[in-house]
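Accompanying notes for the structure given below.
Below, read A as the first sequence line, B as the second, and so on, with proteins coming before strands; counting in each chain starts at 1.
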Amino acid sequence: MQDLDKNDFIAFPPNGKKVLLEYCSPNTNKPLHIGHVRNMLLGYSTTEILKANGYDVTTVSIYNDRGIAICKSMAAYIERGNGATPESTGIKGDHLIGDYYVLFGQIVTEQLRAKYNVPADQDVYKTIGKEKEVAEQETEIFAKAKDLLLKWEAGDEATIALWKKMNGWVYAGYQVTYDMMGVSFDKDYYESQTYTLGKDIIDEGLAKGVFYKRPDGAVAIDLTPDGLDEKILLRSDGTSIYMTQDLGTADVRYNEYHMDKMIYVVANEQDYHFKVLKLCLQKLGKSWADGIHHLSYSLVESPTGRFKSREGKTADADDMIAEVLQIAEEKTKELGKTSGFSAEEANALYKTIGLGALKYFILRVNPYKKIIFNPEESIDFHGHTGPFIQYSHARIRSLIRKYTGTLVSIDTTTTLHSTERELILQLFEYPTVLLAAADKYDPAEIANYVYNLAKLYNKFYNEVPILTAPTQEEKNLRILISKVTGDTIKKGMKLLGIEVPEKM
RNA sequence: GGCCGCGUAGUACAAUGGAUAGUAUAGAGGCCUCCGAAGCCUUUGAUUCAGGUUCGAUUCCUGACGCGGCUACCA
């Protein structure tokens with residue numbers, strides 16, 4: 001009991017181990033969507049959890065800023081953009097570029113309709129009997145995109161300038177979303193700078209006999225002994241593919257950071273890719289490859305299945321955030337909770353509560369489980385939610401503000417109320433949970449612990465008088481328990497990237 | 001076809017080789033002239049199916065079914 005006020009445990013001491021953690025890593029031809037939200041939350045929270053466990057964590061993101069996708073947006077922009085900018089249109093940069101990516105698809109359809117004389121009420125691809133990916137290559141607009149790609153690769157000045165300008169808009173747009181989500185990266189990588197990496201690794205693999213050159217000239221590795229297939233690592237024309245880049249980038253990062261662990265937060269669609277990546281590096285004799293961990297997570301789906309980008313609104317990160325903030329504002333006003341708040345304070349509170357609801361909703365689920373997100377029903381403020389925990393914290397703070405005595409630990413022999421005892425035991429579990437969360441790379445461990453703690457405290461609060469406790473000793477002890485509970489909720493939620501208000 | 005993941009109340013999430021499988025929400029009922037009712041209390045309701053291992057399986061194994069993903073010289 002005397003140890004309770006010494007329970008100021010926040011984190012384990014530094015363990016001298018370095019971690020490189022990559023997350024988010026969007027393609028710059030469209031805005032962030034709900035999948036990036038889960039990615040960012042997992043990446044951010046895992047980082048905080050590892051830091052609290054004593055790791056030295058460096059976060060990185062890699063932007064897939066080149067290739068045919070961005071060239072499609074550029075082609076559509078040249079065709080129909082009329083010099084539009086985020087400033088002239090009032091559209092957030094990443095959305096603007098995304099709009100042109102969508103427009104590209106529309107132009108493809110238009111051109112195919114014209115070419116094959118397909119009436120507007122018929123599905124073009126069905127009518128002509130070709131897959132979209134195949135048919136689009138017949139169009140003029142696609143030829144223009146392809147031409148842009150070649151010009152970009154040749155270093156054509158005008159093309160590079162446009163590419164830089166458009167990507168710049170995208171980054172500015174992303175930054176707004178990052179700030180809202182509270183994430184940042186220690187270092188940014190760009191595919192345009194790393195896509196030629198990996199050739200050295202290929203040579204090394206060939207020299208060591210781990211990789212082999214096929215008759216057609218492509219370099220491959222045979223992973224059938226490991227239960228996988230033959231995997232191409234370099235194209236027959238000698239250019240690199242995704243895997244080549246990732247091998248090269250991993251090697252470069254190791255030489256730069258000498259990290260003990262390299263964590264990739266990437267959706268489970270790429271389980272196979274990362275299995276191959278790790279195996280290749282291990283077979284090359286890179287001992288550090290053992291430290292590679294793919295933090296795989298399942299997709300977020302709508303009630304009717306996978307969110308498709310063309311379904312639009314519901315899958316967009318910015319729209320989703322705006323929506324929860326809106327709901328938080330309505331709900332808070334409805335409850336009349338903001339009397340005495342300035343406009344800024346009230347807005348800050350809506351943001352805290354709205355984001356708390358959204359972040360908690362996603363982080364409370366194990367990463368490997370898919371999440372069904374129903375925009376209409378999923379964001380709740382009662383029960384097993386972020387706002388419930390935030391409310392519990394605010395009520396504790398309110399209680400403590402009312403207490404005028406000093407907080408001293410008492411060598412008490414008072415018999416404890418059963419819930420009181422249970423609560424104290426829960427509080428001492430925090431380090432164990434923190435350890436487990438890092439061990440499993442699972443923020444849900446923290447999320448569920450904090451919820452259970454808040455729930456238990458609320459039970460205690462209802463069952464046991466605190467400020468009105470019969471004796472000074474009991475009052476003192478219960479305030480102390482309340483304070484430690486509030487602090488533990490606060491630090492736990494901080495690991496999830498969720499703020500807890502003093503009042504709400 | 002092959003491989004990987006998942007399958008727990010109407011819905012959304014927990015948990016465990018063991019004893020009454022927890023919680024939320026939705027439904028029913030109760031608690032503000034005592035510390036904040038975004039709260040608390042009571043109550044209804046679930047381990048996809050079939051085998052196997054085991055004294056004991058919701059958990060481990062095999063198969064079926066369902067959902068999702070991967071199976072590119074795309075990223």
Is [X] close enough to [N] that one of its side-chain N or O atoms is under 4.0 Å from OP1 or OP2 there?
X	N	answer
A:Asn366	B:C13	no
A:Ser298	B:G5	no
A:Tyr272	B:C70	no
A:Lys369	B:A12	no
A:Arg235	B:C74	yes
A:Lys337	B:A38	yes

- Hey, which of these two, A:Asp380 or A:Asn462, hits RNA chain B nearer its 5' end, going by closest nucleotide?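 In this pair, the answer is A:Asp380.
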- Item | Residue mapping more 5' on RNA chain B - nearest nucleotide basis, A:Ala469 or A:Asn27 |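 Taking each residue's closest nucleotide, the earlier one in sequence belongs to A:Ala469.
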Reckon [X] touches a base, only the sugar-phosphate, or nothing at all at heavy-atom distances under 4.0 Å?
X	answer
A:Asp237	nothing
A:Tyr242	base
A:Ile466	base
A:Tyr461	base
A:Arg214	base
A:Ile353	base
A:Val266	nothing
A:Ala394	base
A:Asn64	sugar-phosphate

Measure [atom1]/[X] against [atom2]/[N] and give the value in whole Å, please.
X	N	atom1	atom2	value
A:Asn29	B:A75	CG	P	14 Å
A:Tyr350	B:A38	OH	P	15 Å
A:Asp229	B:C3	CG	P	11 Å
A:Arg364	B:U23	CZ	C1'	9 Å
A:Leu399	B:A37	CG	C1'	16 Å
A:His273	B:G5	NE2	P	19 Å
A:Gln270	B:C70	CD	C1'	10 Å
A:Asp246	B:C73	CG	P	16 Å

When you compare [N] with [M], how far apart are their [atom1] atoms, in angstrom units rounded to a whole number?
N	M	atom1	answer
B:A75	B:C67	C1'	26 Å
B:A21	B:A57	C1'	13 Å
B:C41	B:U59	C1'	33 Å
B:A19	B:C60	P	16 Å
B:C40	B:C70	C1'	48 Å
B:A9	B:U44	C1'	10 Å
B:C61	B:U42	C1'	43 Å
B:G2	B:G63	P	11 Å

- Parallel, tilted or perpendicular: rings of A:Tyr63 and A:Tyr174 (30°, 60°): parallel
Ignoring hydrogens and angles, tell me if any N or O in the side chain of [X] forms a donor-acceptor pair with the backbone of [Y] under 3.5 Å.
X	Y	value
A:Thr244	A:Ile241	yes
A:Arg397	A:Lys483	no
A:Asp65	A:Thr28	no

- Message: With syn defined as a glycosidic angle within 90° of 0 and anti as the rest, where does B:C32 land?
- Response: syn
Go through [options] for me and flag the one nearest to the [X] side chain.
X	options	value
A:Asn458	B:G69, B:C73, B:G39	B:G39
A:Tyr368	B:C41, B:G36, B:C6	B:C6
A:Lys402	B:C40, B:U23, B:G36	B:G36
A:Tyr391	B:A38, B:A75, B:C41	B:A38
A:His382	B:U25, B:A14, B:A75	B:U25

Just name whichever nucleotide pairs with [N], Watson-Crick or G-U, keeping both distances under 3.5 Å, else none.
N	value
B:A64	B:U48
B:C13	B:G22
B:C31	B:G39
B:U54	none

- Message: At less than 3.5 Å, do the side-chain atoms of A:Thr468 and the base atoms of B:C34 form a donor-acceptor pair?
- Response: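 Side chain to base: no pair below 3.5 Å.
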- Item | Close side-chain approach of A:Asp222 and A:Pro225, heavy atoms under 4.5 Å |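 Sidechains of A:Pro225 and A:Asp222: in contact.
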- Item | side-chain contact (heavy atoms from CB on, under 4.5 Å) evaluation trace for A:Arg421 with A:His417 | CA-CA 6 Å; A:Arg421 176 183 302 277; A:His417 186 278; over 6 Å; no
- Please check if any side-chain donor atom of A:Asn458 sits under 3.5 Å from a side-chain acceptor atom of A:Ser392, or the reverse. yes
- Message: One thing to verify: whether A:Arg253 and A:Glu22 come together as a salt bridge, which I'm taking to mean a side-chain N less than 4.0 angstrom from a carboxylate O.
- Response: yes
- Determine the sole option in A:Tyr190, A:Tyr77, A:Trp152 for which the ring-ring contact (aromatic ring centres under 6.0 Å, His included) test with A:Trp163 is passed. A:Trp152
